[in-house]
Novice: 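Once you've had a glance at the structure underneath, I'll fire off some questions.
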Number of protein chains: 2
Amino acid sequence: MATIYEVSKLAGVSLATVSRVMNNNARVSDNTKKKVLAAMQTLGYRPNAIAQSLASNCSNSVGILVSELSGAFYGQMMSGIETELRAAGKHVIITTGHSEEEKEKDGLEFLIGRNCDAIIAHVEAVSDEYIVELSKGKTPIYLMSRHVEALSEKCISLDNEHGGYLATKSLIEHGHSKIAYIAGPQFKADASNRLQGHKRALSEHNIAFDETLFFIGDFKETGGSEGLHHLLKQGYDFTALVCANDEMASGAMKYAREHNVKLPSQLSIIGFDNVIFANYLYPTLTTVDNPVNEMGRMAAKMVLKEIYHQKNIEINRIFEPTVILRNSIKSIKTT
Amino acid sequence: MATIYEVSKLAGVSLATVSRVMNNNARVSDNTKKKVLAAMQTLGYRPNAIAQSLASNCSNSVGILVSELSGAFYGQMMSGIETELRAAGKHVIITTGHSEEEKEKDGLEFLIGRNCDAIIAHVEAVSDEYIVELSKGKTPIYLMSRHVEALSEKCISLDNEHGGYLATKSLIEHGHSKIAYIAGPQFKADASNRLQGHKRALSEHNIAFDETLFFIGDFKETGGSEGLHHLLKQGYDFTALVCANDEMASGAMKYAREHNVKLPSQLSIIGFDNVIFANYLYPTLTTVDNPVNEMGRMAAKMVLKEIYHQKNIEINRIFEPTVILRNSIKSIKTT
DNA sequence: TTGTATGCGTTATCAT
DNA sequence: ATGATAACGCATACAA
């Protein structure tokens, strides 16, 4: 690996001059510039980003922390962030938190230690206080899908409560009143907010929340199948099911088919997130759109504007969920 | 951000001593160790990974390059790599190549510039020569799903040709002989190898390859629906369809349903990759298992063994595809 | 066991 | 316009 020193020697100039042509921020005569460029070429010189970062205290890279690297939801989010940043010549350093407090902290600190110019995090296990404390450091932290009051201008979130409300309301408007619910892990704010919305829709239509029609899953396919298994085993009847995300909905749909529950004639299902494959399930899944990809792009735009000082960027911090009607809900006659 | 210098001052020792307790590789008296630890505590000291990396020429992090951050395939791969590495206390720096030569090079050089101890890459657009050249640098490069002769001991790959062969053979064994094929982008080695396998299975059973039953898609859902649209439009008849990956299979399945082609009675479909949701489609998708997650883990193990010198690790560089029989293939009578 | 001094590859602040 | 030289925060060979 050639260093800037070797380049300077070959070009017959000083270190400083080489550095100048690299960052072309200062005047360098065309002649010497040419010599330096040539030297770089023949040596196959590549700047050492680490050294640049240490000296300039700027890494031109932003850290991303997500819970998992797999899963359509996180994929869309990362993809949105990266697309926008990459277009601006910035790089992304991704790591994971696995929804565990220690790992999230570890990941966050790793990112800070790597001198990221900013961090975009989707954290679920660490406390608000911890985040606020960390935000006092030199690395700005932006939060995805989470609202922390003290950091509200750095938070991008979906109105999950409203989404949960819409999902259940949609079922009610199709004539359903016996509605089961498979929730996500309640320590996740997304999950608990969606559930709150569900309860609001219920009470607004004078339907009592029924504990026996309720199950807490893991936000994965298995959570959906286990949930439906549990609900069916109870023997209580219900005509509709809300799943707090699409993965669980797909698991429930599969379980239903395997146990001869006709979809949607015997059971209507609505999911949440509108991940890509929701549209490829059978029946195609009616769900609540969660524009994660756009939210990711927006997070990226925020750091582009606030950290890298790009102009003419419109910011929007709250995203609204919308119901995507497909074929997994059947209308039933109201008596 | 407190530095090692401030810690040393507060603890009343030298820089070197602080450094020693951090890396606890040299003997330090319990007493002074305690003092240093205490000083770190009260200052909330966090080592600057950048500086460590510059000084030690080791970053304890490995770079990953994938084409896309979204998509079940890449998700499984990244996840496998990260799981294994994280368990060993190493971090991962992920970036993308978007299947474009310039971006892949850019990503690779970014990773090298960040001083990664090794790189695990899934590159599709850069040439073998470029990779070989890059491998002569100080950063070892491991290749996922790609075989480069000169670097064969650093390549982890699936026998895609065999997989393609198995897929078509499976259809043939179910009595099909009119078999259409929706391929992936042919500049991708995976895609072209799978196609080769398909042709081999065909010729082995004396079935001529028919250009009219062939379409090249984009490895995404849209490729599958466009492909089936194209094939159906031709008016030629076929009873079975091989899709070079599951996303395209799901797209084709959706298109089939929308155009009243009964699955699997009128059309049998087999996919490739066995991504998670293949098991949640309807009918559940018969496909060729591509153990990307395990392959990711294996790549991680290779760097753990060869770069970080961990012992007792078994290495396996070639993975075999297997057919996962589900419900998307119908047996038909052979005349 | 502990401290001193030097180097890692850049950027940046001075001069010239 | 260009060249010395001091940071940047840490690791490490060498001394003590």
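Letters A, B, ... mirror the listed sequences (proteins, then strands); counts begin at 1.
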Novice: Answer yes or no: is there a donor N or O on one side and an acceptor on the other, between the side chain of B/S19 and the main chain of B/L15, under 3.5 Å?
Specialist: no
Novice: Give, ordered by number, those residues of residues 52-62 of chain A having at least one heavy-atom distance below 4.0 Å to an atom of DNA chain D; if nothing qualifies, reply none.
Specialist: A/L54, A/A55
Novice: Determine: side-chain N/O of A/Y5 to OP1/OP2 of D/dG3, distance under 4.0 Å, yes or no.
Specialist: no
Novice: Quick one: list whatever passes ring pair (Phe, Tyr, Trp, His ring centres under 6.0 Å) with B/H91, sequence neighbours left out.
Specialist: A/F110
Novice: B/V18 near the nucleic acid: base, sugar-phosphate alone, or nothing, with a heavy-atom cut-off under 4.0 Å?
Specialist: nothing
Novice: Return the residues of residues 26-40 of chain A meeting this criterion: a heavy atom under 4.0 Å from some atom of DNA chain D. Order them by number, or give none.
Specialist: A/R27, A/V28, A/S29, A/T32
Novice: Mind checking salt bridge (Lys or Arg N to Asp or Glu O under 4.0 Å) for B/K103 and listing every partner two or more places apart, or none if nothing turns up?
Specialist: B/E100
Novice: So, does B/R146 use its side chain to make a donor-acceptor pair with the main chain of B/V123 at under 3.5 Å?
Specialist: yes
Novice: Indicate yes or no: at least one non-hydrogen side-chain atom of A/E306 is less than 4.5 angstrom from one of A/Y142.
Specialist: yes
Novice: Within the supplied structure, the quantity of interest is the number of heavy atoms (other residues, nucleotides, ligands) at a distance under 6.0 Å from A/E153 CD; does it exceed 12?
Specialist: yes
Novice: Where do A/N316 and A/M298 come nearest, in terms of heavy atoms and distance?
Specialist: O-CG, 3.2 Å
Novice: A/I50 CD1 to D/dC8 C1': how many Å, rounded?
Specialist: 13 Å
Novice: Round to a whole Å and report the spacing from CD1 of A/I4 to P of D/dT5.
Specialist: 17 Å
Novice: Taking 4.0 angstrom as the limit, do A/K90 and A/D117 come out as a salt bridge?
Specialist: no
Novice: Within the side chain of A/R86, is there an N or O that forms a donor-acceptor pair under 3.5 Å with the backbone of B/T96?
Specialist: yes
Novice: Going 5' to 3' along DNA chain C, which nucleotides are the first and last within contact of chain B (any atom under 4.0 Å from a heavy atom)?
Specialist: C/dT1 to C/dG9
Novice: Nearest nucleotide by nearest heavy atom, which residue falls closer to the 5' end of DNA chain D, B/A51 or B/R20?
Specialist: B/A51
Novice: Look at the side-chain N and O atoms of A/S14 and state whether any lies under 4.0 Å from the OP1 or OP2 oxygen of D/dG3.
Specialist: yes
Novice: Ignoring hydrogens and geometry, is there a side-chain-to-backbone donor-acceptor pair from B/S61 to B/I93 under 3.5 Å?
Specialist: no
Novice: Return the value, rounded to whole Å, for the distance between atom CG of B/N48 and atom P of D/dC8.
Specialist: 12 Å
Novice: Applying ring pair (Phe, Tyr, Trp, His ring centres under 6.0 Å), can you list everything that pairs with A/F73, at least two apart in sequence or on another chain?
Specialist: A/H122
Novice: So what does B/S19 touch, heavy atoms closer than 4.0 Å: a base, only the sugar-phosphate, or nothing?
Specialist: base
